[in-house]
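Heads up, the thing below is written out as structure tokens.
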Amino acid sequence: MAMVGELKEESMPSDMEAAVEATELVKQFGEVRALDGLSLSIRRGETYGLLGPNGSGKTTFIRLIAGLVRPTSGTLRVMGYPVPAQVDRVLPHLGYMTQLQALYNDLSVWEHVQFFARIFDLRGARKDARVRETLELVELLARKDSPVSTLSGGMKQRLSLACTLVHDPQLVLLDEPTVGVDPQLRQQFWGYFRRLNERGVTIVVSSHVMDEADRCDRLGLIRYGKLLAQGTPDELREMGGSRNLEEAFLTLAASRSPEEVTV
């Protein structure tokens, strides 16, 4: 879901080249090293896919970008600001949709999105306009008065996305947003994401689905908290020696070391 907190609008650095810049990022949880010297750069306005098996560090990296956990070492800049030191300047521009839905069955669709709009200090006519625009985007305006308890699973996913987007973020973090949804809804989601890219929004998405990986501008293959390969889908096919992206990823995961990667 969208980030929660008291937020004040901040302008982004005008000379920012990368939306996310990670250098030698390490995150330790006790004896477990979730990220182990991860370095990568995500460009403004692109859809960047994080791919890797469960436990590879994808969700940890997304949570670090959102300022929800602190790195053990290394540096991270998000929207031009160091995180977590200046995460308060990032939050007004950030939308985060987690793997788990956080919806209230007794609230209506409209009430949910209004709630998140108020969190991001949208008020009056501007708030109502953004709520309506966002519900139109995810094709839920016709159900605006419906309690969440009456929605299908796919509609709840679309509502979660609307709550993430209502404040018009410039960086959107999507942690496996299409898990458990049918192919038609998955295609709709990617249609939304492309329309956001056209407006200059940067999207970081984690996924296990290879046809989704093919829709990303660039991909990062992460394993054991390290970046094993990075590039466009076609570049990664070439690196893996296969026209099949899944086969290419399996080859790269088995054969490459982080020292071979050029970021």
Side-chain angles (χ1 to χ4, degrees), residues 1-3 12 18-20 40-52 58-59 61-63 65-66 78-79 90 92-103 109 112-113 116-117 120 130-141 152-222 230-236 245 249:
M1 300 293 295
M3 297 299 303
M12 291 178 290
V20 179
L40 59 81
S41 179
I42 297 171
R43 301 164 185 158
R44 286 185 292 174
E46 74 173 344
T47 293
Y48 189 97
L50 300 171
L51 292 157
K58 303 186 304 296
T59 295
F61 181 50
I62 286 176
R63 287 171 61 82
I65 295 172
V78 180
M79 314 301 286
V90 174
H93 309 291
L94 183 68
Y96 179 23
M97 183 175 172
T98 67
Q99 294 181 27
L100 300 176
Q101 294 175 348
L103 302 175
V109 167
H112 264 92
V113 185
F116 281 94
F120 287 94
R130 275 300 301 164
V131 171
R132 179 173 292 275
E133 179 183 343
T134 308
L135 287 177
E136 285 178 343
L137 172 70
V138 300
E139 301 173 39
L140 279 178
L141 188 59
S152 67
M155 288 179 180
K156 289 178 180 178
Q157 284 287 86
R158 281 151 55 191
L159 177 56
S160 293
L161 182 60
C163 293
T164 302
L165 300 178
V166 67
H167 62 294
D168 199 19
Q170 291 303 296
L171 173 61
V172 177
L173 309 177
L174 304 169
D175 197 358
E176 300 193 18
T178 61
V179 169
V181 306
D182 61 66
Q184 182 178 2
L185 181 57
R186 185 180 301 130
Q187 185 173 1
Q188 288 177 338
F189 266 48
W190 280 92
Y192 306 151
F193 302 159
R194 275 305 171 201
R195 290 200 287 277
L196 292 173
N197 283 150
E198 290 169 2
R199 292 165 46 192
V201 176
T202 306
I203 297 175
V204 181
V205 57
S206 68
S207 177
H208 291 104
V209 183
M210 285 300 141
D211 70 332
E212 290 189 344
D214 242 336
R215 297 172 183 263
C216 295
D217 297 307
R218 289 193 306 143
L219 300 165
L221 173 58
I222 299 176
Q230 179 175 247
T232 67
D234 285 342
E235 288 170 343
L236 292 181
L245 189 57
F249 267 74

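Worth knowing before you read on, the calculation uses all heavy atoms, side chains too, and leaves out hydrogens, waters and symmetry mates. One-based numbering along the sequence shown.
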message: Using side chain to side chain contact (heavy atoms under 4.5 Å, CB included), reason through Y192 and V172 one step at a time and then give a plain yes or no.
response: CA-CA 12 Å; Y192 306 151; V172 177; over 6 Å; no
field: L221/L236 under side chain to side chain contact (heavy atoms under 4.5 Å, CB included): CA gap, chis, key distance, verdict
entry: CA-CA 9 Å; L221 173 58; L236 292 181; 5.6 Å; no
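In this structure, the separation between OG1 on T47 and CG on L196 is 8.5 Å, given to the nearest 0.5 Å. Distance CZ/R218 to CD/E46: 4.0 Å, rounded to 0.5 Å. Put simply, CG on L174 and CD on E212 are 10.0 Å apart, with the number rounded to the nearest 0.5 Å. Rounding to the nearest 0.5 Å gives a distance of 14.5 Å between CG of L137 and CZ of R132. Atoms CD1 and CD, on I62 and E176 in that order, are 8.5 Å from each other to the nearest 0.5 Å.
Residues T98 and D175 have side chains that never bring a donor and an acceptor to within less than 3.5 angstrom of each other.
Counting only residues at least two apart or in different chains, salt bridge (charged side-chain N to carboxylate O under 4.0 Å, His left out) contacts with residues 191-200 comprise D168-R199, R194-D217.
Around the CD atom of E136, the shell of radius 6.0 Å holds more than 12 heavy atoms that belong to other residues, nucleotides or ligands.
Aromatic ring pairs are classed by plane angle as parallel below 30°, tilted from 30° to 60° and perpendicular above 60°; the pair F193 and W190 is perpendicular.
Residues S206 and P177 share a closest heavy-atom pair of O-CD, 3.8 Å. Across all their heavy atoms, L51 and S207 have their closest contact at CD2-O, 2.9 Å. The two residues A117 and V166 come nearest to each other via the heavy atoms N-CG1, 3.8 Å. Scanning all heavy atoms of the two residues, the minimum distance from R43 to T202 falls at O-CG2, 3.4 Å. In terms of heavy-atom proximity, A162 sits nearest to L135 at CB-CD2, 4.3 Å. Smallest separation of non-hydrogen atoms from L165 and P169: O-CD, 3.4 Å.
V138 places none of its side-chain heavy atoms less than 4.5 Å from the side chain of L159. Side chains of R130 and H167 form no contact here, defined as non-hydrogen atoms less than 4.5 Å apart. Looking at heavy atoms from C-beta onward, M97 lies in side-chain contact with Q157 at the 4.5 angstrom threshold. Looking only at side-chain heavy atoms (C-beta outward), L103 and H112 come within less than 4.5 Å of each other. Considering only heavy atoms from C-beta on, F116 stays 4.5 Å or farther from T134 through its side chain. In this structure, the side chains of I42 and L171 stay at 4.5 Å or more apart for every pair of heavy atoms. The closest side-chain heavy-atom distance from Y48 to L40 is below 4.5 Å. When side chains are defined from C-beta on, L219 counts as touching P233, because their heavy atoms get closer than 4.5 Å.
At a threshold of 4.0 Å, the pair R158-E139 does not count as salt-bridged, since none of the basic side-chain nitrogens sits closer than that to a carboxylate oxygen.
A donor-acceptor pair under 3.5 Å links the side-chain atoms of K58 to the main chain of G52, judged by distance alone.
Applying the side chain to side chain contact (heavy atoms under 4.5 Å, CB included) test to R63 and every residue at least two apart in sequence or in another chain returns T59, L68, V69, Y96.
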